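First up is the structure itself, then whatever we jot down about it.
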Protein chains: 2
Amino acid sequence: MQDTLFDFISNYISLTEDEKNALLSLDLFHSVKKGTTLLKEGQKSQDFYFVLKGCIRKYYIIDGEEKTTAFYTEMDALTPHCVLTNTPSEYFISCVEDSILLISNSDVSAEINNKFPKFDIMCRILSEELLAKQQINFDEFKTSSPELRYLNLLQNRPDLIQRVPQHQLASYLGIKPQSLSRLRARILEKKS
Amino acid sequence: MQDTLFDFISNYISLTEDEKNALLSLDLFHSVKKGTTLLKEGQKSQDFYFVLKGCIRKYYIIDGEEKTTAFYTEMDALTPHCVLTNTPSEYFISCVEDSILLISNSDVSAEINNKFPKFDIMCRILSEELLAKQQINFDEFKTSSPELRYLNLLQNRPDLIQRVPQHQLASYLGIKPQSLSRLRARILEKKS
DNA sequence: TGCATTTCTTAACTTAAGTGAACGAATTAT
DNA sequence: ATAATTCGTTCACTTAAGTTAAGAAATGCA
């Protein structure tokens with residue numbers, strides 16, 4: 001399981017065995033059951049997450065309705081907005097599948113960065129990469145219709161469509177579950 | 001005019017007069033006429049922009065249609081994606097109004113960061129802030145209808161509605177100009 | 001296992017956005 | 001200053017998404 005973590009890290013920096021062991025000794029790995037809520041609206045938290053296995057999602061509740069805005073799967077990192085701003089969270093984070101997560105916080109990561117300055121470098125690259133990805137994603141969403149968004153998802157993250165409930169997918173695409181059903185039927189129609 | 005720049009910078013780090021003069025001596029300020037294209041699709045570039053006065057926009061051309069995904073006004077910074085990845089740009093950047101811009105590039109900013117390590121700190125805070133803002137923006141867009149997006153814009157960036165052509169605004173909201181006209185008429189109707 | 005709940009799909013109807021066209025107003029170019 | 005283009009709005013019509021409701025399928029729980 002930790003292999004996923006070290007694979008990920010090796011994309012950015014290289015670690016000695018000692019460093020790897022130091023990381024593992026921090027005991028940051030957690031098994032989380034499907035359906036568990038990791039962060040609630042209104043709650044303050046210092047924790048950020050790295051998905052080793054499974055899937056977590058971020059969602060708002062607006063007028064009593066869940067609006068899912070992101071899914072995080074293997075090798076995705078999530079730092080909630082409230083951690084950065086130290087304000088109550090505006091959204092929820094919960095587990096879509098039984099998952100194994102690395103859960104850390106500012107204190108721990110400050111300690112790590114202290115011991116291994118390399119990590120600072122990785123964090124910088126990571127956040128730069130993330131910003132770039134985020135912008136492209138945003139642009140893609142803005143410039144596409146719901147149907148195109150679905151087709152893009154089918155291309156880029158086909159696994160999501162299998163592992164995530166339809167009604168969560170629908171709100172992720174910016175539409176209602178009924179519209180997603182219809183849209184899929186429409187696409188099948190066209191193919192034949 | 002440079003006051004805008006120093007006001008901005010003072011939010012992050014403090015500069016001595018010497019440092020300010022060193023910055024000014026680099027001659028990074030440019031006057032750009034309305035309608036000027038700063039970056040074209042397919043083009044590679046190392047330049048990034050900081051808006052001192054005026055407004056620039058980022059847009060894609062998809063199926064022959066302009067899709068505006070962002071407006072940058074006073075105190076906004078824009079680093080095109082192609083600068084980060086050193087790939088041909090997927091979008092255009094052009095001037096909405098006569099503007100005064102700070103235009104810099106990796107070489108110059110490496111030089112600045114070398115002379116004034118402070119700047120590195122500012123850049124890190126900036127990109128962290130930007131990422132956070134970007135995420136909130138994205139979520140807001142995803143969870144809103146075109147009408148709500150327009151009303152939010154009216155709240156948060158009322159100036160944009162005045163200074164930007166309606167058809168560019170429309171595509172920024174993810175709809176056609178005709179729909180924006182209708183939507184505005186609908187809102188006026190409701191008010192009365 | 002069986003019951004209850006949640007989830008997914010289908011359908012009919014409503015509402016809002018897309019499309020194509022027309023026309024006046026504003027802007028730009030000559 | 002005038003002609004030409006671009007821009008914004010309106011309209012009629014089409015298409016797609018929202019809404020409400022119902023039933024089937026899957027899931028969770030006792």
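These figures come from a predicted structure and were not determined experimentally. Just so you know, these numbers use all the heavy atoms, side chains as well, and skip hydrogens, waters and symmetry mates.
Atom CG of L183(A) and atom C1' of dT15(D) are 13 Å apart (whole Å). Across the protein-nucleic acid pair, E97(A) atom CD and dG28(D) atom P stand 12 Å apart, rounded to whole Å. The interatomic distance linking Q168(B) (CD) with dC7(D) (C1') rounds to 11 Å, in whole Å. Taking atom CD of E147(A) as the reference point, atom P of dA17(D) lies 7 Å away to the nearest angstrom. In this structure, OH of Y150(A) is placed 17 Å from C1' of dA16(D), rounded to the nearest angstrom. Residue I175(A) contributes atom CD1, which lies 14 Å from atom C1' of dT9(C) at whole-angstrom precision. What separates CG of L173(A) from P of dA16(D) is a distance of 16 Å, to the nearest Å.
Checking dT9(D), dA17(C), dG28(D) against the side-chain heavy atoms of P177(B) singles out dT9(D) as nearest.
Between K34(A) and dG28(D) there is a side-chain N or O to OP1 or OP2 distance below 4.0 Å. Listed pair R186(A) / dA17(D) meets the phosphate criterion, a side-chain N or O lying under 4.0 Å from OP1 or OP2. When the side-chain nitrogen and oxygen atoms of R184(A) are compared with OP1 and OP2 of dC8(C), none of them lie within a distance under 4.0 Å. S181(B) has a side-chain polar atom (N or O) that falls below the 4.0 Å cut-off from OP1 or OP2 of dT9(D). A close approach under 4.0 Å does not occur between any side-chain nitrogen or oxygen of K176(B) and OP1 or OP2 of dG20(C). Distances shown here put a side-chain N or O of H167(A) below 4.0 Å from the OP1 or OP2 atom of dC8(C).
Taking five base pairs at each end of the helix from dT1(C)-dA30(D) to dT30(C)-dA1(D) and finding the rotation axis that steps the C1' atoms of four pairs onto the next four gives two axes whose angle is 60°, to the nearest 10°.
Around NZ of K40(A), the count of heavy atoms belonging to other residues, nucleotides or ligands within 6.0 Å does not exceed 12.
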What do the steps show when you test Y72(B) against F50(B) for ring pair (Phe, Tyr, Trp, His ring centres under 6.0 Å), and what is the final call?
CA-CA 9 Å; Y72(B) 301 84; F50(B) 179 79; over 10 Å; no
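With Y172(B) as the fixed residue, the ring-ring contact (aromatic ring centres under 6.0 Å, His included) test singles out one of Y60(B), F71(B), Y150(B): F71(B).
Aromatic ring centres of F138(B) and F141(A): separated by under 6.0 Å.
With DNA chain D read from its 5' end, the first of the two nearest nucleotides for P146(A) and Q178(A) is the one closest to P146(A).
Less than 4.0 Å separates DNA chain C from no heavy atom of any residue of residues 53-72 of chain A.
Residue pairs that meet the side-chain hydrogen bond (donor to acceptor under 3.5 Å, both in side chains) test with at least one member in residues 109-118 of chain B, sequence neighbours left out, are E19(B)-K118(B).
Checked by distance alone, R182(B) brings a side-chain donor or acceptor within 3.5 Å of a matching partner on the base of dG18(C).
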